[in-house]
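For reference, the structure is listed below as C-alpha cells.
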Amino acid sequence: MPRRAVGSCAERLSTPTAFSGRRWRWRWPAARSWPGCCAPPASRSSRHGSASPGSSCSCPCWRPSCGCGGGAGSALRARAPARTGNRGDVVMAEEQALTKRSQDFSAWYNEVVLRAELADYSPVRGSMVIRPYGYGIWENMQRALDEMFKATGHQNAYFPLLIPQSFIAREAEHVEGFAKEMAIVTHTRLKAGPGGGLEPDPDSKLEEPLIVRPTSETIIYAMFAKWVQSYRDLPLLINQWANVVRWEMRTRLFLRTAEFLWQEGHTAHASEVEAEEEARRMLGVYRQFMDQWMAMPPLTGLKSESEKFPGAVRTYAVEALMQDNRGLQSGTTHMLGQNFSRQFDLKFQSESGVEEYAWNTSWGVSTRLVGGLVMTHGDDAGIVLPPNLAPIQVVIVPIYRGDDERAGVLEKAHWAANVLRAEQVRVHVDDRPTATPGAKYYDWERKGVPLRVEIGPRDVAKQQLMVVLRTEAAGLSRKEAMGEAVAVMTIPKRLGEYQRALFQAALRRREQNSHRGVTDYGAFREIIEGAGGFVYAGWCGGRDCEEKVKADTKATIRLLPLQEFRSSPAPTRCLVCGGQAQGEAVWARAY
RNA sequence: CGGGGCGUGGCGCAGCCCGGUAGCGCGCCUGCUUUGGGAGCAGGAGGUCCUCGGUUCAAAUCCGAGCGCCCCGACCA
C-alpha cells in the first residue's frame, strides 16, 4: 500500500478573477501587458531525453502512481524495449522517456495523459477514469466557465440521466443523429440465470425503455414546456453540469469516450433574433474562455449542414488546431429554432396575446477540452499547463544534504509557499524525502507545472531563489536566480506573462499552419496529405464537393468562418468543382 | 461493425517454436549511505501464467472454444 503522507499540499484553488462583471465583458485574468511577439515553446528534448516514473508524492491531492503510468495498455506496451547498455542510467532514461511527438504524436498523447496522471483506462470498455490531477484541471475549467455563464445570466439546474425513449424519438433529425450510439435501460432487476450468473429478470422489463442521455434537449424542453406560459417567463436561461453517454466504437482518452463530462446550456427565447444572439453570445464566451484560460485560440464559425447538430437550425463551433495540425472541435452552440419547442409543446403567450412556440438554443463544452490543452501546449517532456488552469501553479523543490541543511532549506521553502499562497498562487512544496531533486524536476515537468522554485543551501545563504519556467517563453528567461523577496513578489506577475506567452505561441502556431488563398485542388491535397493544418478555400455549398474531399483526403469542413477570420479578398470559386463559391470554408483533418 | 495486436507479480516484458523447479527490468517494503537534473548498496514482499475444456505421467508452453483490452478503419464532442 503506497504511503499517503499528509501534508504539504494545501493548495488553495484561487480563482483568478477574470470576469469583470455583467454581460460577458472581459479583461485578461492577470493581464497588465501583452507581449507583442513570442516564439513557440522550443522543444527541449535534447536536454530531456529521459523522464522519470511517477513516484510517491507527499501531496494528499493524488495518490502515488505505479512506475509507468498506470494501467497502460498497448500505448505503452507498444513502445520499443529499452536498449540494454552497460550503463544502467542510459537504460533507465530510455525506458522512462516519453515517445517524441515527432515520432508518433498519438502514442505521445496517450503516454503523456497516463504518465502525467490525468486519466487512466477503466475496466469498462470505452470509459476512462479521470484522476485527481486531471480532474483538478477540469474543476478549474468548470469554475471559470461557470462564472462566465452566471455573468451572462444563466442558472444551473439538474435534469435526469435517464430519458424516456419516446422523448428522443420525437424530433426526427435528432433521433437519427443519435440512434446509433445510445445506451438503453430495459430492465430494473437482475436474477440468477441458469448458468449460475446474473441476467435481467424478464418480469422486470420496462414498458418503455429509458435512454441514458446522449444530450438533454428532449427532457429539458419537456420541462421548459411546463414552466413557460407567458413571454414574461422568457428568456429562460439554464445550464447543467452533467455526464452523458454516446456509445462510441472507438475511444481515446479525453477526446472520445463513451461517457464524458460536460456542461449543456439550454435556453428558450421569445424571438428568433434573441435565440440567434444567444447562440452567438455563448460562442463568444467559449472563445474567450479558450483564449484567456486555455491559451488555445480557436477559430469561430458556422458548421456546414452535414456537420451541424441533429435537430438544430444551425450550429456554431469553436475549432482549435492541435500540434499535429489536426483540428479539434472544442465546443458548439446551436440555434435550435422551434424544432424542439414544436415537438414538446413549448409555447408562450406573446405580448400581443398570441400563442407562439419558443425559440431554443443549446451549447456545450466537455472534458475533451482537457485533451485539447494537452495537444496544444505539451512537449516531449510532458504536458504544459497554462497557469490559469494549472492545479499547481508553482512547485517548490528543496535541495539539501543531511539533516543540518534540511531544516533551513525546508523552512525557507515553506516561507516562500506561504507568501505565494497569500498572493492566491496555488503552491505545492515537494518535500518527499525519497526522491532526488532531479527526479522531482522530471516529475513536475511531466505534469506541466508552470513554474518551479528551487531552494538549496547556497540559495538560503544568499537569500535567493532559483525560478524556472516550464518552457521557454518569449521575453522570459527560463531559469533565473532572483533575490528571495523579489522572487516571491514577482511570481504572480510572471505567471501572468507566461500565460500570455503560451497564448501567443499557440496563436502563432495556428497561423503558421493556416493556408489561405488555396484554389487548386491538387495543391489542397498536398497540404492536407502532407503537413496538414487549416486550409481556407472557396466552397460552392454543395454536399457533393464536401463529400468528395472527405473521401479523397479525410479532411472535412471544420467551419465556415465568421467575418473576423475570413480571407480578403474572398474566394470566388469552389475549391472542388470550380463553380461559383458561396463562401469560404476552413478544411482540415479533425479529431 | 470490419482488420490487426496483445493477455505471465503493481507496470513493461522474457519464457511458448522444441511440455518437466516461473524469470528479468522498473516500481513497492526495511535498513544504511545519499540528495544542485531520473541515487547507491544490502535484505525482503508480491504470481488463479485471462477463462473453460481437451491431449499428456506432466501444460504458461500443444489443441479447441470463449472472454477482455489496445491499435487501425467507418461514426461522433
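Letters A, B, ... mirror the listed sequences (proteins, then strands); counts begin at 1.
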Looking at the side chain of [X], which of [options] is the nearest nucleotide?
X      : options             : value
A:M466 : B:A74, B:A77, B:G36 : B:G36
A:T436 : B:A77, B:G36, B:A39 : B:A39
A:K479 : B:G37, B:A77, B:A74 : B:G37
A:A439 : B:A39, B:A77, B:G37 : B:A39
A:R256 : B:C76, B:G36, B:C72 : B:C76
A:Q329 : B:U35, B:A77, B:G37 : B:A77
A:P437 : B:G36, B:C71, B:C75 : B:G36
A:Y121 : B:G36, B:G37, B:C71 : B:C71
A:P457 : B:G37, B:G36, B:A77 : B:G36
A:Y400 : B:U35, B:G36, B:G37 : B:U35

Between [N] and [M], how far apart are the two [atom1] atoms, rounded to whole Å?
N     : M     : atom1 : result
B:U61 : B:U35 : P     : 50 Å
B:C75 : B:C1  : C1'   : 10 Å
B:C52 : B:G43 : P     : 38 Å
B:G47 : B:U55 : C1'   : 26 Å
B:G10 : B:U21 : P     : 22 Å
B:G73 : B:C11 : C1'   : 30 Å
B:G20 : B:C28 : C1'   : 33 Å
B:C16 : B:A22 : P     : 16 Å

- Item | Under-4.0 Å side-chain N/O to phosphate OP1/OP2 contact, A:K550 with B:C75 |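 Yes, such a contact exists.
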
- Message: Under 4.0 Å from OP1 or OP2 of B:C72: is there any side-chain N or O of A:S106 that close?
- Response: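 Yes, such a contact exists.
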
- Item | ring pair (Phe, Tyr, Trp, His ring centres under 6.0 Å) partners for A:F105, two or more places apart |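 Ring pair (Phe, Tyr, Trp, His ring centres under 6.0 Å) check on A:F105 returns A:W108.
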
Taking [X] for its side chain and [Y] for its backbone only, find out whether a donor-acceptor pair lies under 3.5 Å.
X      : Y      : answer
A:H377 : A:L373 : no
A:R115 : A:R446 : no
A:K303 : A:R558 : yes

For [N], give its Watson-Crick or G-U wobble partner with both distances under 3.5 Å, or none.
N     : result
B:C18 : none
B:C1  : B:G73
B:C67 : B:G7
B:U61 : none
B:C41 : B:G31
B:G23 : B:C13

- Report the residues that fulfil side-chain hydrogen bond (donor to acceptor under 3.5 Å, both in side chains) with A:D544, sequence neighbours left out, ordered by chain and then residue number.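 Per chain and number, A:D544 pairs via side-chain hydrogen bond (donor to acceptor under 3.5 Å, both in side chains) with no residue.
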
- Determine the contact category for A:T315: base if any of its heavy atoms lies under 4.0 Å from a base atom, sugar-phosphate if only primed atoms, P, OP1 or OP2 are that close, otherwise nothing.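 Here A:T315 touches no strand at all.
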
- A:F254 and A:W138 aromatic centres sub-6.0 Å: no

- Comparing A:D403 with A:R558, nearest RNA chain B nucleotide closer to 5' gives the residue A:D403

- Message: Tell me if the side-chain of A:E454 makes a donor-acceptor pair with the base of B:G37, cut-off 3.5 Å, by modelled atom types.
- Response: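 When only heavy-atom distances are counted, A:E454 does not reach the base of B:G37 through any donor-acceptor pair under 3.5 Å.
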
- Message: What I want to check is whether an N or O donor and acceptor connect the side chain of A:R246 with the base of B:C76 at under 3.5 Å.
- Response: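 Side chain to base: no pair present.
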
- Full working for ring pair (Phe, Tyr, Trp, His ring centres under 6.0 Å) between A:F159 and A:H266: CA-CA 11 Å; A:F159 296 83; A:H266 294 273; 7.5 Å; no

